[in-house]
Amino acid sequence: MQPQPDIRVTVRTLHLPQHSRPDRTVFAYFVRIENHADLTYRLTRRFWRVTDGRGAVTEVEGEGVVGEMPLLAPGGVFEYDSFVTIEVPPGIMSGHYEFQDAWGERVRAPIPEFRLDPNPEGGEPRLLN
């Protein structure tokens with residue numbers, strides 16, 4: 001695997017009380033991926049680590065994101081949203097995306113840790129990283 005390129009990931013979360021239950025707290029998350037590198041990369045895989053408020057860890061990995069393998073040219077941006085459930089809030093999520101360049105070389109971009117909190121300060125959704 002090559003050194004990490006300048007691909008930046010930011011995530012914003014939103015608690016969805018209308019879809020939550022006492023044993024399941026639901027959050028939407030909104031991801032922005034920006035390619036600040038000099039090469040074009042295709043997002044090929046994702047890896048997430050979700051930890052709930054009691055320390056239970058769930059790991060999720062697979063191909064692409066939301067059914068896509070987006071191609072990010074230099075300066076390119078890809079945004080998507082998804083959701084996650086945890087049994088006991090607050091929780092945290094982190095992970096990485098795997099990308100491939102035109103020569104088949106693989107690289108990783110970290111997804112900085114962010115909180116899954118139904119009661120964030122001020123009660124409003126906020127940019128977490």
Side-chain angles (χ1 to χ4, degrees):
M1 203 157 292
Q2 291 183 348
Q4 177 183 317
D6 189 2
I7 297 175
R8 300 175 196 170
V9 180
T10 54
V11 181
R12 187 173 53 87
T13 64
L14 178 64
H15 176 228
L16 300 175
Q18 67 275 24
H19 297 290
S20 297
R21 302 186 314 232
D23 64 335
R24 181 184 78 179
T25 305
V26 181
F27 296 87
Y29 59 93
F30 306 88
V31 178
R32 180 177 172 91
I33 304 168
E34 302 174 29
N35 183 4
H36 293 271
D38 294 332
L39 296 175
T40 296
Y41 290 96
R42 179 174 304 282
L43 192 160
T44 58
R45 297 193 63 76
R46 69 190 181 284
F47 172 82
W48 290 103
R49 176 174 284 119
V50 183
T51 307
D52 77 6
R54 69 169 187 254
V57 175
T58 303
E59 294 183 344
V60 179
E61 67 179 304
E63 292 187 347
V65 290
V66 293
E68 297 185 47
M69 291 187 177
L71 191 65
L72 283 94
V77 173
F78 181 75
E79 295 179 309
Y80 74 95
D81 59 87
S82 190
F83 72 96
V84 62
T85 63
I86 57 174
E87 288 185 24
V88 179
I92 54 174
M93 279 180 73
S94 63
H96 65 264
Y97 294 118
E98 190 171 291
F99 294 85
Q100 200 167 33
D101 68 17
W103 296 272
E105 294 293 322
R106 294 179 314 197
V107 297
R108 283 187 180 167
I111 304 166
E113 184 176 285
F114 58 93
R115 289 181 54 82
L116 301 169
D117 190 344
N119 301 304
E121 297 170 26
E124 292 296 319
R126 57 192 167 110
L127 186 63
L128 297 174
N129 55 11

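- Placement of Phe47 and Ile33 in two distinct hydrophobic clusters is found when ILVMFWY residues are connected by side-chain heavy-atom separations under 4.5 Å, directly or transitively.
- Interatomic distance, CZ of Arg54 versus CD1 of Ile86, reported as 10.0 Å (0.5 Å rounding).
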Criterion side chain to side chain contact (heavy atoms under 4.5 Å, CB included) on Ile111 and Ser94, from CA distance to verdict: CA-CA 5 Å; Ile111 304 166; Ser94 63; 5.7 Å; no
N/O donor to acceptor pairs below 3.5 angstrom from side-chain atoms of residues 64-84, sequence neighbours left out:
residue	atom	partner	partner atom	Å
Glu79	OE2	Arg32	NH1	2.9
Tyr80	OH	Tyr97	OH	2.5

Worked verdict on Gln100 versus Glu105 for side chain to side chain contact (heavy atoms under 4.5 Å, CB included): CA-CA 5 Å; Gln100 200 167 33; Glu105 294 293 322; over 6 Å; no
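- Rounding to the nearest 0.5 Å gives a distance of 10.0 Å between OG1 of Thr85 and CG of Asp52.
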Leu14/Phe27 under side chain to side chain contact (heavy atoms under 4.5 Å, CB included): CA gap, chis, key distance, verdict: CA-CA 5 Å; Leu14 178 64; Phe27 296 87; over 6 Å; no
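- Both Leu43 and Leu39 sit in one connected hydrophobic cluster of ILVMFWY residues. Membership requires side-chain heavy atoms under 4.5 Å apart, directly or through other members.
- When side chains are defined from C-beta on, Glu63 does not count as touching Thr44, because their heavy atoms never get closer than 4.5 Å.
- Put simply, NE2 on His96 and CD1 on Ile7 are 12.5 Å apart, with the number rounded to the nearest 0.5 Å.
- Note on residues 36-47: pairs passing salt bridge (charged side-chain N to carboxylate O under 4.0 Å, His left out), not counting sequence neighbours, are Arg45-Glu61.
- Contact check for Trp48 versus Met93: side-chain heavy atoms found under the 4.5 Å cut-off.
- No continuous path of ILVMFWY side-chain contacts below 4.5 Å connects Leu16 to Val88, so the two sit in separate hydrophobic clusters.
- We find the CZ-CD distance between Arg108 and Glu98 to be 6.0 Å, quoted to the nearest 0.5 Å.
- Residues Leu116 and Ile92 do not share a hydrophobic cluster, clusters being chains of Ile/Leu/Val/Met/Phe/Trp/Tyr side chains in contact below 4.5 Å.
- The existence of a salt bridge linking Glu59 and Arg49 is confirmed by a sub-4.0 Å separation between a basic side-chain nitrogen and an acidic carboxylate oxygen.
- Separating the CD atom in Glu87 from the OG1 atom in Thr25 is a distance of 9.5 Å, to the nearest 0.5 Å.
- Taking hydrophobic clusters as Ile, Leu, Val, Met, Phe, Trp and Tyr residues chained together by side-chain heavy-atom distances below 4.5 Å, Trp103 shares a cluster with Phe99.
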